[in-house]
Amino acid sequence: MKKMTKAAILKSAKDEKVGYVRLQFTDILGTIKAVEISVSQLESALDNRIMFDGSSIEGFVRIKEADMYLRPDLDTWMILSFEDQTYGKVARLICDVYTSYGKPFQGDPRYILKKQIKALNDLGIAALDVGFEPEFFLFKLDENGQPTVNPVDKGSYFDLSPMDGAEYVRRDIAMELEKLNFTIQTVHHEVAPGQEEINFRFAHVLEACDNVQTFKQVVKFIARKHGYLATFMPKPIAGINGSGMHCNCSLADADGTNLFYDANDPMKLSLLCRKWISGIIKHARNLSAITNPTVNSYKRLIPGYEAPCYVCWSDANRSSMIRIPATRGMGTRTELRHVDGTCNPYLALAGIMAAGMDGIKNFKEKDLVPPVYDNIFALSREQRESMGIQNLPENLKDALKEMRNDPLIYQTLGEHTYNKYLEAKEIEWDRFRTLITPWEIEKYIND
């Protein structure tokens, strides 16, 4: 990431004829929010003088504590090439949220992630590198411009036109991302009709989370431009594959050396890597309400559609929750396959980091979780349990119950965000629980 200064940003805004600046932040549910200013107010924003009403944001503060400040991260200055330029170009800055007393706001998801980064550095580890693999669906809109669940094509894995009707949409998204300095690695049709995947280069964890939020904005904007809806909903259609957001993680030292690689180990994995994996396995069920945060998330995590259902790891088994891709050396990484695109990336990675660090600090070599090579989907529940393999939670209610049982998550999120998050998700579950669905009407109306 290019290091920016106040002077460099003001010069860029002038040279590029920026007319409008978006000061962005993320609420606890992962929704991107923004305070928008004209370029005439940019210097004031760079001096941290822009205030907003925090009481109006999900999970933030009470009315009496409403005044909050946005402190831009100067390195996130970006001119949004895809936005309308009628009144000048549009730029954005991602901001940290501060209280009126000049302190970091404890409920800011970006701040929560930064605390885990510091904890990692305190262990003598320089960085967590993260590469996201976000999948999404493209659906048609109806005659009134409202979303449907009709896919834009009938394509499957790696298909091209005419089966793949979204080839040009994907290409436009990738080109716009490259204008924003993303390094695009692969662009392709996924397994299900209308399902797409665009992968971009990994980055240090904070930048990676900023990038995936930007990625979602671009995907949704370009899809609308083509007359389609893009959704990161995990399971919009029953009976076909759902969408995940695999998280590829590796730890590095100050020289950039991959700390997960050990040339002398039979699997070429370091003890540090195995401890990291064991910590994540230990806390996976408890973290599910954060990594898979919606009612719909758990309709993806079922057998038969390539999504992981069971808490285990392997270097060769694609039915496992954590997979170790074949690449070794600088490419050695843990691929967390259960995470989906509706998560708040800052909170999800904060939780994953906390779990991994718990493993690094507290797991003895003799207690490490072993890899699994069996096809887990072919095993009975009794066989899985005899091997110590647990299921991921089957619904949001169970995931919230597991979250309440883990002090590590409370410590990671902090009291404010932990309670606000639970409250919001329990309301979500209760609304779903009391909803009468079309399936129920069809099934029971004649009883």
Side-chain angles (χ1 to χ4, degrees), residues 1-27 31-54 57 60 67-105 108-114 117-118 127 129-130 173 175-184 200-222 345-346:
M1 179 186 288
K2 182 180 178 182
K3 292 294 181 183
M4 296 294 289
T5 64
K6 175 182 174 181
I9 289 173
L10 291 172
K11 183 177 187 302
S12 173
K14 181 178 179 181
D15 292 348
E16 296 289 338
K17 296 181 173 55
V18 171
Y20 201 64
V21 181
R22 191 172 289 150
L23 305 177
Q24 293 184 186
F25 58 100
T26 298
D27 72 13
T31 304
I32 300 171
K33 303 290 185 179
V35 172
E36 297 166 335
I37 59 174
S38 73
V39 74
S40 64
Q41 298 299 307
L42 177 58
E43 187 165 6
S44 181
L46 297 174
D47 289 335
N48 306 320
R49 297 202 302 264
I50 298 297
M51 184 184 293
F52 75 103
D53 178 9
I57 304 300
F60 272 31
D67 291 341
M68 311 199 82
Y69 286 88
L70 295 173
R71 292 197 178 188
D73 181 336
L74 303 188
D75 294 336
T76 65
W77 171 257
M78 180 179 284
I79 296 173
L80 305 178
S81 54
F82 57 89
E83 291 279 6
D84 180 78
Q85 299 181 13
T86 303
Y87 300 104
K89 294 180 181 178
V90 178
R92 78 97 203 270
L93 284 160
I94 295 176
C95 300
D96 296 310
V97 181
Y98 275 66
T99 69
S100 57
Y101 300 103
K103 302 290 185 182
F105 172 50
D108 177 9
R110 210 166 181 263
Y111 173 69
I112 291 168
L113 178 58
K114 284 184 173 183
I117 295 171
K118 183 180 184 305
D129 291 324
V130 177
I173 292 169
M175 296 304 292
E176 287 296 339
L177 289 166
E178 289 198 331
K179 290 179 188 177
L180 302 177
N181 294 321
F182 280 68
T183 300
I184 302 301
F200 46 93
R201 183 173 170 79
F202 69 87
H204 291 342
V205 61
L206 183 63
E207 183 182 358
C209 290
D210 290 341
N211 285 345
V212 81
Q213 293 293 76
T214 302
F215 174 86
K216 290 180 181 180
Q217 286 181 285
V218 174
V219 167
K220 288 177 177 290
F221 188 96
I222 300 303
Y346 304 102

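Nothing here was measured: the structure is a model prediction, and the numbers come from that model. Scope of the values below: all heavy atoms of this structure, side chains included, with no hydrogens, waters or symmetry mates.
- Using a cut-off of 4.0 Å between Lys/Arg side-chain N and Asp/Glu carboxylate O, Glu43 and Lys6 are scored as salt-bridged.
- Here the NZ atom belonging to Lys216 is positioned 7.5 Å from the CD1 atom belonging to Ile32, to the nearest 0.5 angstrom.
- Under the rule for a side-chain contact (heavy atoms from CB on, under 4.5 Å), the partners of Thr183 that lie at least two apart in sequence or sit in another chain are Arg201.
- Side-chain contact check for Leu70 versus Leu93: every heavy-atom pair is 4.5 Å or farther apart.
- In this structure, Thr99 and Pro104 have side chains that are not in contact, with every pair of non-hydrogen atoms separated by 4.5 Å or more.
- Taken from CZ in Phe182 to CE in Met78, the straight-line distance is 5.5 Å, to the nearest 0.5 Å.
- Using a 4.5 Å heavy-atom cutoff, the side chains of Val130 and Phe202 are not in contact.
- Distance check: Glu16 CD to Ser81 OG gives 10.5 Å after rounding to the nearest 0.5 Å.
- Closest approach of Pro345 to Cys209, counting heavy atoms only: O-SG, 3.5 Å.
- Using a 4.5 Å cut-off on side-chain heavy atoms (C-beta onward), Arg22 and Glu36 make contact.
- Within the 4.5 Å cutoff, side-chain heavy atoms of Tyr346 are placed close to those of Leu206.
- Nearest heavy-atom pair across Thr26 and Pro109 is O-CD, 3.3 Å.
- Taking a 6.0 Å sphere around CE of Met175, one finds it holds 12 or fewer heavy atoms contributed by other residues, nucleotides or ligands.
- Contact check for Thr214 versus Arg92: side-chain heavy atoms found under the 4.5 Å cut-off.
- For the atom pair CG of Leu46 and CE of Met4, the computed distance is 9.5 Å after rounding to the nearest 0.5 Å.
- Note that the SG atom of Cys95 and the CD1 atom of Ile50 stand 9.0 Å from one another [nearest 0.5 Å].
- A pairwise comparison of heavy atoms in Ile9 and Leu74 identifies CD1-O, 3.7 Å as the closest pair.
- Side-chain contact check for Gln213 versus Ile94: every heavy-atom pair is 4.5 Å or farther apart.
- With respect to Lys114 and Asp108, no salt bridge is recorded, no charged nitrogen being found less than 4.0 Å from a carboxylate O.
- Nearest approach of Leu80 to Leu180, heavy atoms of both residues: CA-CD2, 4.2 Å.
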Using the rule given for side chain to side chain contact (heavy atoms under 4.5 Å, CB included), can you reason through Arg110 versus Asp210, listing the C-alpha separation, both sets of side-chain angles and the distance that settles it, and then say yes or no? CA-CA 9 Å; Arg110 210 166 181 263; Asp210 290 341; 2.7 Å; yes
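- Applying the ring pair (Phe, Tyr, Trp, His ring centres under 6.0 Å) criterion to Phe82, with sequence neighbours excluded, gives Phe221.
- Of all heavy-atom pairs between Val39 and Ala13, the closest is CG2-CB, 4.1 Å.
- Using a 4.5 Å heavy-atom threshold, the side chains of Val90 and Gln85 count as separate.
- The heavy-atom pair separating Phe25 from Ala34 by the smallest distance is CE2-N, 4.2 Å.
- Separating the OG atom in Ser100 from the CE atom in Met68 is a distance of 8.0 Å, to the nearest 0.5 Å.
- For Phe215 and Phe200, the gap between ring centers is short of 6.0 Å.
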